[in-house]
Visitor: 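Submitted below is the structure of interest, expressed as C-alpha cells.
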Amino acid sequence: MLQQIKDASEFIQSRIHKKPEVGIILGTGLGNLMVDEIHKSVVINYNVIPHFPMTTVASHKGQLLFGEIHERPVMVMRGRFHYYEGNTMHQIALPIRVMKMLGVKYLLVSNAAGNLNPDWHKGELMLLDDHLNLMPDNPLRGENSELFGPRFPDMSAPYSIELNKKLKQIARKKKITLHEGVYAGVPGPTLETRAEYRYLKTIGADAVGMSTVPEVITARHAGITCCAISVLTNDCDPASLKPVSLDDVVKAAGSSEKNLVTLFNELIRSL
Ligand code: HPA
C-alpha cells in the first residue's frame, strides 16, 4: 500500500509545478464545479497514474486537476471512487493518502445526498456537522501505518468547527441557504426503501449518500482538516416517496453548483 502511494505521488509530482495545499473532491453531477475558477491548471487522467482506481460511473469524470484558486495551490478530484463500484476501502483511501503525501492540508468535499429533514428541500445545501458510518467496512481496518496517523484516531469532530464557522459566515453574507446536519454514509448502490429512510431518520441522519465518509476518515487519520457540503438532490419522505433516477440527482446537483462554487471559493480565499 505504502509503495503504491509513493509511486502515485512521485508520478504526480513530476508533472505539477507547485505542491497542492487544498484538496477538493467533486461529487455526482458536480464535475464542473470549480473548474473555471482554477488558474494555471494541469490535468492528469486517473488512468495514467500508477495504482489509481478507475471511476466506473458515467456522471464522474476521472481527472485530477492542479492549479491555483486565489493564489492557493489546489488539487481537484473530478470524480471519486465509491464502495458500490467494487472498490475496496483501501482503494478509496489511496487518493487521499496521495493528497497527504503531496502536501494537502485542507480537504473540501462535495456530494449529492438524499434529504431526510422535513424542514428542508431538494436543491438546498447541507453542511456536514457529523457523520454516521453505515458502510460495512472502514478504510483504516488492517495494519496501521503510523506514517499517516494513529491506530485509534479521534473522531470527536471530523468536520472542522473552524472551517464550518467560516462557511456559515460566507453563506450568511452571500444569502445562500446552508443547513447543517448529520450525513449517513451507506454502501449503495440501491437507493433506500421507505423503511430504510424511516430508520435513517430515527437514528439521527439528516442526509444520506454513498460517499464522503471513507474519504473523511482517511483524511482525519492523516491530520488533514476537513469540511463537506451535500447538495440535497431528492426528498426522502417515507410517507410520500417518489421514484428517483440518477438523471434527477445529476440535474438537482447541477442546479446548486453556483452556490457551492461561491462557498468553496470564498472559503479558499479565507484560509
Ligand atoms: N440515497 C443514497 N444516496 C443518495 C441519495 C439517496 O436518496 N440521493 C443521492 N445520493
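These figures come from a predicted structure and were not determined experimentally. When a ligand or atom number is given, it counts from 1 through the structure's own listing order.
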Visitor: Residues in side-chain contact (heavy atoms from CB on, under 4.5 Å) with L241, at least two apart?
Guide: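 For L241 the side-chain contact (heavy atoms from CB on, under 4.5 Å) partners, ignoring immediate neighbours, are R194, Y197.
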
Visitor: For I203, is the CD1 atom crowded, meaning more than 12 foreign heavy atoms sit under 6.0 Å from it?
Guide: yes

Visitor: What residues come within 4.0 Å of ligand 1, counting heavy atoms only?
Guide: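 Residues within 4.0 Å of ligand 1: A112, A113, G114, L191, E192, Y197, V208, G209, M210, T233, N234, C236.
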
Visitor: May I ask you to decide whether E162 forms a salt bridge with K165, counting only side-chain N to carboxylate O separations under 4.0 Å?
Guide: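 Salt bridge flag = no for K165 with E162.
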
Visitor: Do NZ/NE/NH1/NH2 and the carboxylate oxygens of K18 and E68 come within less than 4.0 Å?
Guide: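 Salt bridge: yes.
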
Visitor: Can you say whether the rings of F81 and Y46 are parallel (under 30°), tilted (30 to 60°) or perpendicular (over 60°)?
Guide: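 Judged by the thresholds at 30° and 60°, the geometry between F81 and Y46 is tilted.
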
Visitor: If two hydrophobic side chains count as joined below 4.5 Å and joins carry through other members, does F52 share a cluster with V48?
Guide: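 Looking at the clustering, V48 is in the same group as F52.
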
